[in-house]
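One structure is given here, and the rest of the page talks about it.
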Amino acid sequence: KHSAYIYLCDFVKLALVRNLDDGQKSLVRKLGIELVKENDFTADIALVRNKIDNFSKYKNLKWIHVSFAGVDQLLTEEVKNSSVIVTNSRGIHRIPMAEHVIGLMLLFERRLKEAVLLQEKGEWRSLDWGKREFEDIKELYGKTICILGVGSIGSRIAEICKAFGCRAIGITRENHGSEYVDEYFT
């Protein structure tokens, strides 16, 4: 007898298969958890990407976990009016998204795209800062950044920007108290 039947959408199945080591797989079996197929509506728990199809057919469903931070697509009236617990993965993309933002900031400020294109053409130019073509190359140091929404991702962006010597301003519904944000506006 299994203690829980879990439905995993294809995205989550792939993530679990990649990330579970043998010990973790053994633990899942010891806990009596059985993974059910997509059209098997006996699931007690559903781990989904952002929504669940055929919600009303899941008569035993007690918990839905969304593998993203947002749950807007999942919160249909039917789900809202049920006793099913809905949880999400807030903070899961904190580091990769913040690194992506910093990468783009450097791309634009340092004009890295242009530098790569010149390199591909085999054009090597000395950095003569007095010439017009290099006047627009900027630094992050000393800049003030404005972060719209200081959740886990915004706070991490502010933290990394501090290492570049930036000042951080946060615009948010409420002050989350990130130690890396110098000033908040609501």
Which heavy atom of [X] sits nearest to which heavy atom of [Y], and what is that distance?
| X | Y | answer |
| --- | --- | --- |
| G91 | S152 | CA-OG, 3.3 Å |
| L140 | E109 | CD2-CG, 3.7 Å |
| R90 | G151 | NH2-CA, 3.8 Å |
| S178 | V150 | CB-CG1, 4.3 Å |
| I153 | H93 | CG1-O, 3.9 Å |
| I147 | G154 | CD1-O, 3.3 Å |

Between I85 and I64, does a side chain to side chain contact (heavy atoms under 4.5 Å, CB included) hold up when you go through it step by step? CA-CA 6 Å; I85 296 168; I64 303 171; over 6 Å; no

Between [atom1] on residue [X] and [atom2] on residue [Y], distance to nearest 0.5 Å:
| X | Y | atom1 | atom2 | value |
| --- | --- | --- | --- | --- |
| I160 | Y180 | CD1 | OH | 10.5 Å |
| F108 | E114 | CZ | CD | 10.5 Å |
| S155 | I157 | OG | CD1 | 9.5 Å |
| L61 | S56 | CG | OG | 11.0 Å |
| L104 | H100 | CG | NE2 | 4.0 Å |

Any side-chain heavy atom of [X] within less than 4.5 Å of one from [Y]?
| X | Y | result |
| --- | --- | --- |
| F55 | V84 | yes |
| T87 | W63 | yes |
| M105 | C161 | yes |
| F164 | L106 | yes |
| I95 | R156 | yes |

Stepwise side chain to side chain contact (heavy atoms under 4.5 Å, CB included) check, R167 with I145: CA-CA 6 Å; R167 179 175 182 270; I145 62 158; over 6 Å; no

The criterion is side chain to side chain contact (heavy atoms under 4.5 Å, CB included); which residues satisfy it with K121, sequence neighbours excluded? E123

Suppose we screen for side chain to side chain contact (heavy atoms under 4.5 Å, CB included). Which residues come up paired with F185, at least two apart in sequence or across chains? I169, I171, E183

How would you list, by chain and number, every residue that makes a side chain to side chain donor-acceptor pair (under 3.5 Å) with S89, sequence neighbours excluded? H65

Side chain to side chain donor-acceptor pair (under 3.5 Å) filter on N60, not counting sequence neighbours, yields none

Under a 4.0 Å threshold between the charged nitrogen and the carboxylate oxygen, would R110 count as salt-bridged to E139? no

Residues R111, K138; criterion side chain to side chain contact (heavy atoms under 4.5 Å, CB included); working and verdict: CA-CA 8 Å; R111 294 177 50 194; K138 309 287 186 212; over 6 Å; no

Which residue pairs pass the salt bridge (charged side-chain N to carboxylate O under 4.0 Å, His left out) test when at least one of the two sits in residues 55-66, sequence neighbours left out? D44-K62

Tell me which pairs pass salt bridge (charged side-chain N to carboxylate O under 4.0 Å, His left out) where either residue lies in residues 92-107, with sequence neighbours left out. R94-E159

ILVMFWY network linking I92 to V71, side-chain heavy atoms under 4.5 angstrom: no

